[in-house]
Amino acid sequence: MLQPKRVKYRKMHRIKYEGPAKGNSYLAYGEYGIVANEGTWITDRQIEAARIAISRNLGKTGKMWIRIFPHMSKTKKPLEVRMGSGKGNPEFWVAVVKKGTIMFEVTGIPKETAYKAFYAAGNKLPITWKFIERGAANDNK
């Protein structure tokens with residue numbers, strides 16, 4: 001699973017995912033990409049499941065980039081514990097994904113194969129997404 005090697009503070013404040021993305025909103029590396037239509041937190045397990053789904057369709061000629069990383073830790077209190085006594089321990093890591101964020105990119109494969117790979121990956125993610133290609137009207141750069 002993806003997670004930071006080291007963080008300054010173990011327990012983080014909530015980072016909001018409402019609003020449009022400030023950066024990471026254009027295709028930087030690949031020919032095709034998958035962009036978020038809404039904001040949410042995406043866990044390290046969901047990113048890994050989407051990565052596996054894409055790599056199964058990629059073959060040996062294609063190359064993939066993961067443009068999101070789970071920097072934020074989410075905490076949980078144990079079951080049947082009384083209120084108070086501080087914040088819970090970090091349980092998992094999430095990536096903050098805002099509307100318009102490019103999540104994955106691929107190159108070196110045909111458009112139909114790329115769409116098939118992103119469709120399989122999109123089913124693993126908890127948000128609605130859109131398929132984009134370089135040079136199209138929806139590419140911001």
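The structure presented is a predicted model; accordingly, all values stated were derived computationally and were not measured. All values below come from the heavy atoms of this structure, side chains included, with hydrogens, waters and symmetry mates left out.
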Checklist entry - Can you tell which of Val96, Thr128, Val94, Ile127 makes a side chain to side chain contact (heavy atoms under 4.5 Å, CB included) with Thr40? => result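 For Thr40, the side chain to side chain contact (heavy atoms under 4.5 Å, CB included) test succeeds with only one of Val96, Thr128, Val94, Ile127, which is Ile127.
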
Next on the checklist: Angle between ring planes, Tyr32 versus Phe131, binned at 30° and 60°: parallel, tilted or perpendicular?
Outcome noted: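 Parallel: the ring planes of Tyr32 and Phe131 meet at under 30°.
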
Under 3.5 Å: donor-acceptor pair, side chain of [X], backbone of [Y]:
| X | Y | result |
| --- | --- | --- |
| Glu105 | Leu27 | no |
| Lys77 | Gly84 | yes |
| Lys11 | Ser73 | no |
| Lys63 | Gly30 | no |

Going by heavy atoms in the side chains, are [X] and [Y] under 4.5 Å from each other?
| X | Y | answer |
| --- | --- | --- |
| Gln46 | Pro126 | yes |
| Phe118 | Ile54 | yes |
| Arg67 | Met103 | no |
| Trp65 | Thr107 | yes |
| Phe104 | Ile47 | yes |
| Thr75 | Phe92 | no |

Count the heavy atoms belonging to other residues, nucleotides or ligands that lie under 6.0 Å from [atom1] of [X], then report whether that count exceeds 12.
| X | atom1 | value |
| --- | --- | --- |
| Phe69 | CZ | yes |
| Tyr115 | OH | no |
| Lys74 | NZ | yes |

Checklist entry - Is the closest basic N to carboxylate O distance between Glu133 and Lys111 below 4.0 Å? => result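 Salt bridge flag = yes for Lys111 with Glu133.
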
Checklist entry - Are any of the side-chain nitrogens in Glu48 or Arg51 under 4.0 Å away from the carboxylate oxygens of its partner? => result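 Salt bridge flag = yes for Arg51 with Glu48.
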
Next on the checklist: Is there a continuous path of hydrophobic side-chain contacts, each under 4.5 Å between heavy atoms, that joins Leu125 to Val106?
Outcome noted: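 Hydrophobic grouping puts Leu125 with Val106.
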
Checklist entry - Nearest 0.5 Å, what's the CG-NZ distance between Asn89 and Lys76? => result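 Atom-to-atom, Asn89:CG and Lys76:NZ are 12.5 Å apart.
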
Item to check | ring pair (Phe, Tyr, Trp, His ring centres under 6.0 Å) between Trp41 and Tyr17, worked out | outcome: CA-CA 7 Å; Trp41 293 318; Tyr17 50 76; 5.3 Å; yes

Item to check | Gly100 versus Ala21, closest heavy-atom pair with distance | outcome: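 Heavy atoms of Gly100 and Ala21 come nearest at C-CB, 4.2 Å.
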
Checklist entry - Excluding sequence neighbours, so at least two apart, what forms side-chain hydrogen bond (donor to acceptor under 3.5 Å, both in side chains) with Arg56? => result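 So Arg56 forms no side-chain hydrogen bond (donor to acceptor under 3.5 Å, both in side chains) with any residue.
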
